[in-house]
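A quick note: this is a predicted structure, and the numbers were derived from the prediction, not measured. Below, each value reflects all heavy atoms present in this structure, side chains not excepted, and no hydrogens, waters or symmetry copies.
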Amino acid sequence: MARKTPDDCRFILVGTSHSGNIGAAARAMKTMALTGLDLVAPTCEVDDQARAMASHAVDVVEAARSFNGLNEALAEHTLVLGLTARPRRDGVPALDPAEAAAMIHAERGSTAVLFGRERSGLTNEELGGCHRLIHIPANPDYPSLNLAAAVQLMAYEIYRHAATPTPEAGDGTPLATGAHLEGLHEQIAALVEQSGYSANQPREVLGRRLRNFINRSRPSVEEVNLLRGILKRILR
């Protein structure tokens, strides 16, 4: 039986603009035994307000890792989930927090949960780097959640699912990480461009749908190596 430990899952805040939200997110995480916090291109400093809002979770704030870009932050993870305000995207339904927590709990590798900017959330490109998306159901007349509230809801579901061990999923074959998949995405994009297939349709939409398809399939390292070897021969 496998129990998900807090170190297996990191919460990544992208483009945070208010330092108090960093502290409030850290506090929400620590109440649910999560301590892995990453910051990607924040537009604010980790200052006294962040530490004050963190209360007894200052250690989480102080230990937070900072990255200039999202690809760097996701390089080590085999499962990446991103929060979105839409219940469905490109025809694929988003997970609710409980479903996402179950998926995190069953994952064999390192996981990341992405939270976007306070006003605009995650961009299309950032969402395109996720294996699946998460939507928190809320009042349709006022569905807006602040950052700390979204973090608290996700942290609670992960903590709740971690209390109930589940069988090890899969056969133990290593899954491809974000860095490994990015190389495959680039080769597929090059092949689409070379073939001229994207000439009569929006390239951004086509690229996003191809990424979604590959990400949802959760390929292993061996499978990605196989595909990349074939694509390398074709692109020559």
Trace of the salt bridge (Lys or Arg N to Asp or Glu O under 4.0 Å) decision for Arg10 with Glu76: CA-CA 11 Å; Arg10 299 191 71 86; Glu76 68 186 51; 5.4 Å; no
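For the pair Arg27 (side chain) and Gly23 (backbone), a donor-acceptor distance under 3.5 Å is absent. With Glu157 contributing its side chain and Met154 its backbone, the two residues share no donor-acceptor pair below 3.5 Å. Thr111 places a side-chain N or O within donor-acceptor distance of the main-chain N or O of Asp8, the cut-off being under 3.5 Å. Listed for the His135 side chain is no donor-acceptor partner under 3.5 Å among the backbone atoms of Asp96.
Looking at His77 and Ser110, their side chains do bring a donor and an acceptor atom within 3.5 Å of each other. Glu107 and Thr78 are linked by a side-chain donor-acceptor pair at a separation below 3.5 angstrom, with hydrogens and angles left out of the test. Side chains of Asn21 and Thr16: a donor-acceptor N/O pair is absent below 3.5 angstrom, by distance only.
Between Thr84 and Ile134 there is no side-chain heavy-atom pair separated by less than 4.5 Å. Between Leu34 and Tyr159, every side-chain heavy-atom pair lies at or beyond the 4.5 Å cut-off.
In the hydrophobic clustering of ILVMFWY residues, with side-chain heavy atoms under 4.5 Å counting as a link, Val151 and Ile22 come out together.
Rounding to the nearest 0.5 angstrom, the gap separating the CZ atom in Arg228 from the CD1 atom in Ile230 is 13.0 Å.
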